[in-house]
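Everything on this sheet refers to the single structure shown next.
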Amino acid sequence: MRVSRLMLVTLRDDPAEAEIVSHKLLLRAGYTRRISSGIYAYLPLLWRVLQKISQIVREEMNATGALEVLLPQLQPADLWERSGRWAGYTAGEGIMFHLTDRQGREQGLGPTHEEVITALAADLIRSYRQLPVNLYQIQTKFRDEIRPRFGLMRGREFIMKDAYSFHADEASLRQTYAEMDGAYRRIFARCGLRTVAVEADSGAIGGSASQEFMVTAEAGEDLVLASADARYAANQERAVSLASEAVPLGPDPCQQLATPGQTSIEALAAAHGFDPSQIVKVLLLAARFADGTVQPVLVSLRGDQQLNEVKLANAITAVLADHGGLLEVAPLDGALVQSWKLGVSLDAIPFGYLGPNLDDATLKIATLTNVQVGISGAPSPKPEVTPRLKRQFLRLADPTALELQRFVCGANKKDSHRVGASWADLGPLPQTVDLRAAQPGDRCLHDPSQQLEATRGIEVGHIFQLGRKYSQALEATFTNEAGQEEALWMGCYGIGVSRLAQAAVEQNHDANGICWPLAIAPFAVIVVIASLNEPLQVELAERLYGELQAAGVEVLLDDRDERAGVKFKDADLIGIPFRVVVGRGAASGQIELVSRLGGERQDLAADDLLPHLMQRIAAESPVTTPAHP
RNA sequence: CGGGGCGUGGCGCAGCUUGGUAGCGCGGGUGCUUUGGGAGCACUAGGUCGCAGGUUCGAAUCCUGUCGCCCCGACCA
C-alpha cells in the first residue's frame, strides 16, 4: 500500500476528547475517529489491526475445535423474557438498546448472545453424541453503557469474540473451560500483550466459575489484587483475603453508652478509645427487583472493614432468586424512599445508631398524605412496576463481624450504643456471607505471609462456566446415554477484540507514538523514500517495495512528496515495526533498516534486505498452533 | 442518574470577567526557496462563535432553555 493513497491523516496535537495515551495515539495516528459518544469508526489502519487480532483469535479457537458462526444482532424480546433478562437489560440501568418494530414487536440489539445461541442449541442438539460443541463468532456488540469511556476501551458499539460451549456434564464443561484458558493465554501472548489471569465475579452473565484476563496498564479500569508469589490474583470485586486480627474488647458486661452525635465509626472510636475492629457497623440498604419487590437489607460488617457491593448484590440475588432479577441496591434513605416511591416512613429508624437486631417494626408504612407524589421538579419515577416493599429486613453479616465475641454496636436508639454486646444478646443470627472488600495489604488465604498487592488492569477476556442457567430457562436439552432428557451444561468465553487493540497501544508505545507488536501491526514494514526528487531513491524504493510485496511481506511505501522528517515522524507515530529508509546511500545500493521498538538501526546492501527482513520477521513470529485433530 | 468541566474555521486554543462588527498556532491551496527527524517566505481559501429564545442601539461576551462532548461514581469485553 502506498501512503499517498492511504487517506492517512495524522495530528500534531493531542485531541481534546482523549484522556489516556492509547486513545490519543489512535486518534493522532489516524486509526480512528469518534462518530458519537462511545461510537467509533475503524479507519483503514485500525481495521487491518482488528483483522490481525481476529485472525489470531480465529486460529487459536479453531485449533481447539471450536466452530465459527455468525448470529443475528437483532434479537426478539421474547427470547430474553424466557431467560428472565429482558427487564434487567432494558429497564433502569439496563444496557440493551431496544426498539419496537413496525409490527409492534420488541427487539433488542445484542449485547451478548446467550439467549440466541441457547435457542439454537435447543433446536440443534438432541443427543449426547453431538457433545461437546463450542461455537464462536467475531462481531459487533451493542451496549448502551452507562458511561462510555476512553475511546475503544469502553464503547457502546464494539467488536467482540464470543464463544459458547455445550456439554453433557460438568466435567466436560470444566475441560473445555480449561482449554479456553489455554487458548486465551496463547492468543494474548501472540498479540504481544502482557496479561494476568484473575479470578472474577461472573456478574450479569451469571454462572459459577469465571476468570478474567487483564492487560496490566495504569489506565486500566479494574483493580487487580495479586500476591507477590503469583499464586493468587483476583479482581477486587471478587478478591478474598484474611482480615487483620480484631482488637479484643474488655470483659465488662453489656451496657449502654451515651454517644451523642457519634454517628460514624471514626467519631465513635475517637470519643471512647475503641478500635474500629471492635465495632459492628450496620448498613441499611434496599434492593429493587424487576417484579417490583423492594427488599430492605441490614448488613453487619466489622467496623474497620468495607462493604464489597458486588458480593452484596450476589448474596441478595442468591437469597431472593425469584423476583425477576435484581435491578439495583442502594442505601435506604429519604431520597431513595422518594425516588422509588416506597411509601414508607423512616422516622422510626435511628440512623447512625443501628444495631444488627433493628426491629422490623421500624419500617412504618407512611400515611397517604406522607407519600409525596408528583412534586414539581422531582425526578420522574424510576420503577416501571409499582414497588412492593417487604416489611422484614434481610439480615446479612460478614464473618468478620460474626466472629467477634463481644463488640460495640448501635443500640437502635438515638445517641446510644451498646458496649460489650454479643450475638447471643441480639436474637437470631443474621445469615453469614462474605461481604467485605479485600484491600491491598491484606494477608492472603493461601499463605498468610503473602500480602495482596494492587495493580490496574484492562479486561480483555473473560471466561465463564455458566452451568445450566440458560439451558434450563430456554429448555435446551439433550438425551443422555441413559435415554433421559437433561439440560445442557454451558460455558461462555469472550474477548474484546477492539478493546484489545487499544490495550495493545496502551502497553506498547513511547514518546514518539505507537510500537505495535509485529503480530498485530497493520503493516510489518514501511519503506520511506527520503527524497522524491532523487530518481535513484525512488527507483530503488519501488524495487524493494515490489520485492517485499512479492515475498508476501505486508509493506507500506511512503511515496508522499514530504520532507524526510515528516515521513519519519509519521512512521514512528503509526508504529510500523520495521522502517526501511531509502536515502543518500541509494546510489551505492545501501539502505537503512530501523526497528521501531528500541530504535536500533543498521545499514544494509539493498540486495540483503529481503532475506534479512524475512529472517527478522520469522524470528518474531510464534509457531502456529497445530490444528485440532 | 448524581457531581465537575467544555462547545469559537479541519485540529489545538485565546477572546467572554468589564457587550462595540472574531484572533493565534497547526493544518489546506498556489508560488519560490529548501530537502535525513513535523522547513522558510509570500499570497490565499476557510468561522451564522453548538442550537433556540430573551435583554440591549448593539451579544462569542449578559440571562433562560436546549442539544452535544469529556472527566469522577454505579455497569462491562
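Chain letters run A, B, ... following the sequence lines, proteins first and then strands; every chain starts at 1.
- Residue A/Gly155 is classed as a base contact, given a heavy-atom separation below 4.0 Å to a base.
- As judged by a 4.0 angstrom heavy-atom cut-off over every strand, A/Asn512 is placed among residues making no nucleic acid contact.
- Counting non-hydrogen atoms under 4.0 angstrom, A/Glu592 reaches a base of the nucleic acid.
- Under the Watson-Crick or G-U wobble criterion, with both distances below 3.5 Å, B/C75 has no partner in any strand shown.
- Nucleotide B/U56: unpaired (no Watson-Crick or G-U wobble partner with both distances less than 3.5 Å).
- Spacing between atom CG of A/Asp144 and atom P of B/C76 amounts to 14 Å, rounded to whole angstrom units.
- Salt bridge status for A/Glu542 with A/Arg2: present, with a side-chain N to carboxylate O gap under 4.0 Å.
- Contact check, A/Ser37 against B/C70: a side-chain N or O comes under 4.0 Å of OP1 or OP2.
- Taking 4.0 Å as the cut-off between side-chain N and carboxylate O, A/Arg149 and A/Glu19 do not count as a salt-bridged pair.
- Salt bridge status for A/Lys141 with A/Glu157: absent, with no side-chain N to carboxylate O gap under 4.0 Å.
- Separation of the P atoms belonging to B/C63 and B/G10 is 27 Å when rounded to the nearest angstrom.
- Residue A/Arg147 has its side chain nearest to B/G73 when only B/A77, B/G73, B/G12 are considered.
- At the heavy-atom level, A/Ser36 lies under 4.0 Å from the strands shown only through sugar-phosphate atoms.
- If you check B/A77, B/C75, B/C11 against the side chain of A/Phe464, the one that comes closest is B/A77.
- A donor-acceptor contact under 3.5 Å is not formed by the side chain of A/Asp14 with the base of B/G12.
- Searching all strands for a Watson-Crick or G-U wobble partner of B/G27 with both distances below 3.5 Å returns nothing.
- Distances shown here put every side-chain N or O of A/Arg154 at or beyond 4.0 Å from the OP1 or OP2 atom of B/C76.
- Between the CD atom of A/Glu17 and the C1' atom of B/C13 there is a distance of 16 Å, rounded to whole Å.
- For an aromatic pair to be called close, the ring centres must be under 6.0 Å apart, and A/Tyr31 with A/Trp516 satisfies this.
- Counting atom types as modelled, A/Arg499 pairs a side-chain N or O with a base atom of B/C76 as donor and acceptor under 3.5 Å.
- We find that A/Arg560 and A/Asp570 are joined by a salt bridge, their nearest charged nitrogen and carboxylate oxygen being less than 4.0 Å apart.
- Using a 4.0 Å heavy-atom distance criterion, A/Phe150 is classed as a sugar-phosphate-only contact.
- Salt-bridge check for A/Glu592 with A/Arg601: passed, with a basic side-chain N closer than 4.0 Å to an acidic carboxylate O.
- For B/G36, neither phosphate oxygen OP1 nor OP2 lies less than 4.0 angstrom from any side-chain nitrogen or oxygen of A/Arg563.
- A donor-acceptor contact under 3.5 Å is formed by the side chain of A/Arg579 with the base of B/G37.
- B/C6 and B/C62: their P atoms are spaced 12 Å apart (whole Å).
- Atom CG in A/Leu27 sits roughly 15 Å away from atom P in B/C69 (whole-Å rounding).
- A/Glu145 comes within 4.0 angstrom of a nucleotide base, judged by non-hydrogen atoms across all strands.
- Using C1' as the reference atom, B/U18 and B/G5 are 24 Å apart when rounded to the nearest Å.
- For A/Arg34, no side-chain nitrogen or oxygen approaches OP1 or OP2 of B/C69 to under 4.0 Å.
- With centres under 5.5 Å and a plane angle under 30°, the ring of A/Phe158 is stacked against the base of B/A77.
- If you take CG of A/Leu532 and C1' of B/A39, they are 16 Å apart, rounded to a whole angstrom.
- If you check every strand for non-hydrogen atoms under 4.0 Å, A/Arg33 touches nothing.
- Positionally, the nearest nucleotide of RNA chain B for A/Phe568 lies more toward the 5' end than for the other of A/Phe568 and A/Gly38.
- Nucleic acid contact for A/Asp162: none, since no nucleic acid atom lies under 4.0 Å from a heavy atom of the residue.
- Note on A/Met96: nothing from the nucleic acid sits closer than 4.0 angstrom, heavy atoms only.
- Within 4.0 Å (heavy atoms only), A/Leu573 reaches at least one base atom of the nucleic acid.
- Atom CG of A/Leu307 is separated from atom C1' of B/G73 by 15 Å (rounded to the nearest Å).
- Residue contacts for A/Ala16: at a heavy-atom cut-off of 4.0 Å it reaches the sugar-phosphate backbone alone, with no base atom in range.
- Residues A/Asp510 and A/Arg596 are paired through a salt bridge, judged by an N-O separation under 4.0 Å between the basic side chain and the carboxylate.
- Residue contacts for A/Gly583: at a heavy-atom cut-off of 4.0 Å it reaches a base atom on one of the strands shown.
- Atom name C1', nucleotides B/U30 and B/C70: the rounded distance is 39 Å, in whole Å.
- Within the nucleic acid shown, A/Arg28 comes within 4.0 Å of at least one base atom, counting heavy atoms only.
- When distances run from any side-chain atom of A/Val581 to the nucleotides B/U35, B/A77, B/G36, the shortest one goes to B/G36.
- Nucleotide B/C69 holds its P atom 13 Å from the NE2 atom of A/His23, rounded to whole Å.
- Look at A/Glu114 and A/Arg85 and you find a salt bridge, because one of the NZ, NE, NH1 or NH2 atoms lies within 4.0 Å of a carboxylate O, short of that distance.
- Annotation: of the two residues near RNA chain B, A/Gly585 and A/Leu152, the 5′-most nearest-nucleotide partner is A/Gly585.
- When the P atom is compared between B/C11 and B/U56, the two are found 36 Å apart, to the nearest whole Å.
- If you take atom P in B/A45 and the same atom in B/A60, they sit 23 Å apart, rounded to whole Å.
- Between A/Arg456 and A/Glu218 no salt bridge is recorded (no basic side-chain N to carboxylate O distance below 4.0 Å).
- A straight line from CD of A/Gln537 to C1' of B/G36 spans 9 Å, rounded to a whole angstrom.
- With hydrogens and angles ignored, a donor-acceptor pair closer than 3.5 Å exists between the side chain of A/Asp222 and the base of B/C76.
- Look at the C1' atom in both B/A52 and B/C71: the space between them is 28 Å, to the nearest Å.
- Using the Watson-Crick or G-U wobble rule with both distances under 3.5 Å, B/C69 pairs with B/G5.
- Salt-bridge formation is detected for the pair A/Arg288/A/Glu328: a Lys NZ or Arg NE/NH1/NH2 atom is positioned less than 4.0 Å from an Asp or Glu carboxylate oxygen.
- Following rounding to the nearest Å, A/Tyr89 (OH) and B/A77 (C1') show an atom-to-atom distance of 12 Å.
- The residue A/Val497 sits apart from the nucleic acid: no heavy atom pair falls under 4.0 Å.
- Shown here, B/A39 forms a base pair with B/U33; the pair counts as Watson-Crick or G-U wobble because both key distances fall under 3.5 Å.
- Here, B/U55 and B/G28 have their P atoms 46 Å apart, quoted to the whole Å.
- Phosphate contact (OP1/OP2 of B/C72, side-chain N/O of A/Arg149, threshold under 4.0 Å): present.
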